[in-house]
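Computed from a predicted structure; not experimentally measured. Chain A is the first sequence line, chain B the second, and so forth, proteins listed ahead of strands; every chain is numbered from 1. For the numbers below, each heavy atom of this structure counts, side chains included, while hydrogens, waters and symmetry mates do not.
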There are 4 protein chains.
Amino acid sequence: MPVPSSVLNPPFHVVRLNHVVLTVRDLAAAKAFWGDTLGLQLTQETPGRLYFRAMEERGHHCIVLEKGTEPSARHLGFKVFSEEDLDKAQHFFRAKGLKAEFVEEPYQGRTLRTVDPLGVPLEFYFRMDKLPSVHQKYALYKGVKPLRIDHFNCFSDDVDASVAFYNEIGFRVTEYTENEDRSRLWAAWMHRKGGVHDMAFTHGIGPRLHHVAFWVPTPLNIIDLLDLMATTGYVGNIERGPGRHGISNAFFLYIRDPDGHRIEIYCSDYQTIDPDHEPIRWDLRDPQRQTLWGAPAPKSWFEEGTVFEGTPVRQPAYAASPIVAA
Amino acid sequence: MPVPSSVLNPPFHVVRLNHVVLTVRDLAAAKAFWGDTLGLQLTQETPGRLYFRAMEERGHHCIVLEKGTEPSARHLGFKVFSEEDLDKAQHFFRAKGLKAEFVEEPYQGRTLRTVDPLGVPLEFYFRMDKLPSVHQKYALYKGVKPLRIDHFNCFSDDVDASVAFYNEIGFRVTEYTENEDRSRLWAAWMHRKGGVHDMAFTHGIGPRLHHVAFWVPTPLNIIDLLDLMATTGYVGNIERGPGRHGISNAFFLYIRDPDGHRIEIYCSDYQTIDPDHEPIRWDLRDPQRQTLWGAPAPKSWFEEGTVFEGTPVRQPAYAASPIVAA
Amino acid sequence: MPVPSSVLNPPFHVVRLNHVVLTVRDLAAAKAFWGDTLGLQLTQETPGRLYFRAMEERGHHCIVLEKGTEPSARHLGFKVFSEEDLDKAQHFFRAKGLKAEFVEEPYQGRTLRTVDPLGVPLEFYFRMDKLPSVHQKYALYKGVKPLRIDHFNCFSDDVDASVAFYNEIGFRVTEYTENEDRSRLWAAWMHRKGGVHDMAFTHGIGPRLHHVAFWVPTPLNIIDLLDLMATTGYVGNIERGPGRHGISNAFFLYIRDPDGHRIEIYCSDYQTIDPDHEPIRWDLRDPQRQTLWGAPAPKSWFEEGTVFEGTPVRQPAYAASPIVAA
Amino acid sequence: MPVPSSVLNPPFHVVRLNHVVLTVRDLAAAKAFWGDTLGLQLTQETPGRLYFRAMEERGHHCIVLEKGTEPSARHLGFKVFSEEDLDKAQHFFRAKGLKAEFVEEPYQGRTLRTVDPLGVPLEFYFRMDKLPSVHQKYALYKGVKPLRIDHFNCFSDDVDASVAFYNEIGFRVTEYTENEDRSRLWAAWMHRKGGVHDMAFTHGIGPRLHHVAFWVPTPLNIIDLLDLMATTGYVGNIERGPGRHGISNAFFLYIRDPDGHRIEIYCSDYQTIDPDHEPIRWDLRDPQRQTLWGAPAPKSWFEEGTVFEGTPVRQPAYAASPIVAA
């Protein structure tokens, strides 16, 4: 897989993913789940909104939940390297014919709201309010003890197009699955921050958010969460895992919040910071790419996702391989 | 569930399960699996036989593998409290009209070979050769780092009858599942040594050995084994898990050896030593009794088992509940 | 080390240790420590008393804290096999010229209060109120997630005499340290319940309680407790560890409650249930018996302990070895 | 602590630390320690040299051991972003009056050998031979299962000067300790790759290498290493820990190789990639900065280190605080 030069010299510098804004139907139910069960720190509660962050994070929020009538994702948020990068980004998106406007967002600095060519709503910012660190306030840890937001994963109806665009803004592929004849990408994992991914794309009806992931220190935190969810009324919210992905080598668990938003709990990433780090190609016929230990994912995992608010979805640009769910 | 007086005053004293003799078709393949992958210590290799023990055990063997033409289980072995208990046991079994003969077994003292009323071949002994402890020889630990044999689990075509018999010889029920109208037992876990079980019975075509289990210290040892098996050609030998059982509260993994013998890796048992310890009843309609976290067991887990050599199997005494595998 | 016949046929049957009654100067401080930090379940609060149990326990209490003017231990409590054993025990102690009276204790059945020949106050009972199990109520777990009380450890001014007495009532030595010329015991670990110990004795000014121990599932629970204590004002209450004992092979941590009572957090015990299980002798000159990894224990660990209320202490019967603390 | 502009716009781009060349007196002893005990993969053995890498690494080596007469460190190796950065680096060092020559190093591309202003010998390279990944070859994992080299730590006789220089080449301080009156730095942790550090400096006789660190996934890997070392003749090579650092929040262990080179085993780093990430200041009077749990480091840890070959050491530029070792 050739690396476009834009990966090393992007038009503006994205540091990492930072946050997502999701709509939920019942804020009280969402607060109980994301706060008390998952264990994120509730940093602010305003009429119609809940703000959370993970335990090592310095910024104000990585999850924003908004009261809505239907579950949806509103924006995927990324931090850029400087204020100047915001202006460069606006210029870049407008040159593509994509809308790109600065908006006021509470607890954030100047915020550029735009959209990728496939319709994923994006938010770029440089400054965010900082809160006192709770990283070593161990009395506040609960649930799965989430340390930081790790990545987004989206369904894309055209993974090749998604990868081409994110390559153009400096995201680099670390692992990918190709169609059998190597003519089309099936899925790809792309990073900015030096791990396996900030953003991944999977072939499917899109654009939709497949999941948002949190990094935890050890598999035992995931086992603790499973025990907790299984005995507090959330057993039906456990969707897949625990297991190890072949791709990324991560120990994983997938759960669903009360509105069906999918969350991955993720640990044991690896370092991908080298500019000559080579991506790993996986064969679509190798089931161990999904679960190293062999257990298949449930149908819901392949099919269900969160729509982006106001964003129509499309059928994939090419047919699903009959072997994928085999 | 009433506790028969024989539980507290048995006719002879069984200390605990100790070993099983299994036949395998390929000793070299079995040695690679049980020794190098699972991590048991090979204590003796004789023509046609392999002897293994787990890492904290003092005795000569907990697993004996014999070259055979078909996979089978030959005997389940139990340690009694004294030589005198062996004579009491012989008397007890003969009084039931069951054959009970002393045989010579290498590395064991006087060994009583007999059979339970449902046809499970048993072996009782008091003395076994001891080998130097390797408990703190950490350089020898490998695979899942198995510490000790923990229990047997058998399919029984009449769980009520199995439980009644093992009650009679002092095994005590710790957890059980009853048929919906509470008229019949579906499954039961019975102990002598103070944990959840030395022996368990599950409704099914029987008698057959469902699995033999090893105790390991932490779930991370199980994750290590999964990673190892998944990348050394044994991914197809991973059958179920990892997960937490509702019953026993154990963190578990089920794997199959190259001959299909099922092995459970088991951790986080609890103490059941009190004479007034009350058994836990589970509802057959509660799927969390099997997997606290909700994931169902595969069909093979309900259906497949190891026959006891020379022992015909029977259909269960009453029909399977349609809800069990739901 | 010869095993007295009384070990296999004791005059009355002790099942296991069960509880200790400690006096504390400030019940509110004690409640915060034992409940919120250590993570025991508070089962009852009465004027002047707090009752706690660990998470897998069925009985009403394993720790009773009483308001007192000075920190002390009042009784070490043991469960016997039957009501009849209580009468046998009373007879046994009285035949030794030791006081042994039945008293009323809340939440317990008939309770025999007596004393061992060296002055350790003991309590034997068969029945205790049972409370609904919280073993699988994972939302209630906190602190170090203690599962059960594991053992007591006492300073004895004459370890040989202590061991002889507990041998007489059926406790069996699993590991021990002898003086250099093998003429005197330095320390001994003795069990009833099938693990390394219910009760241990160490050479020193005695009788005093050295510590009470709780069993936890994995070393990570101990690390969690260390992080919690270190950041909630209890860093000074961390006394020794974490580490691995050579003796018992346990992963350990020693902490002190606000009154100085020492608590061991203990995991990875082994099974000692066999009647022919041989004790392990350790050389007093081998520092790895104390800490397998080499780090020495602090002076306080060798010298400080909790007095038994109203019980005078004595200097040891023979001089301390100069090599012990080396 | 102000961030110099050079941190965000350095004269040449360093990606991360990559390797260190150490001299050892006995290659066979070193191979047994670094390979069989620590668990690094031996990638090449040539006359007089051993090359190792950690398990997730793609490059040829992170540790090079050379036969020597005295233990020393020869070079600290860093990867740069491109070949062009090597030329920029040569220019930069020469402009400072520091020697900077390209040398041929086996398995590496063009290699710039130079020295920092305090005398630490450095090596910069862009290309290194790649070897097939063993990241998911779990059968090859052993010892502590080291995943990647994490950082270097050096004694510096002038920490302010060291920090100023590494700031100039783009290293950013994440945590630091200041002298009581805030006039001088006592220690500083500086990163390029987005974690707590690639390089740290501690006040002392310098320049000397204090330690090289490896990242491992969980504290249980560290416990496994301790058990292994303690029972294979290396108990005396365990120097400090396990414990948690206040600074970096890492779970740590310090060991010494057969030549006394110090190695840290390190887990649970945090993400520092944000350009506005603020460093954490620690008070020199706070002992929890060193060990969150309170246990002091041994004297050897403060005093002993590896000299850089041919590099004279100096006494620190200002006196040690009397409170540091308190």
Which pair of non-hydrogen atoms, one from L292(D) and one from V235(C), has the smallest distance, and what is that distance?
-> O-CG2, 3.6 Å
Given the options T218(D), I222(D), I223(D), P219(C) meets side chain to side chain contact (heavy atoms under 4.5 Å, CB included) only with I223(D)
Max heavy-atom pair count under 4.5 Å with chain D, selected residue of G294(C), P242(C), P298(C), G243(C) = P242(C)
Largest heavy-atom contact set with chain D, pairs under 4.5 Å, which of L220(C), D227(C), I238(C) = D227(C)
Which portion of F251(D) sits near chain C, non-hydrogen atoms under 4.5 angstrom | side chain
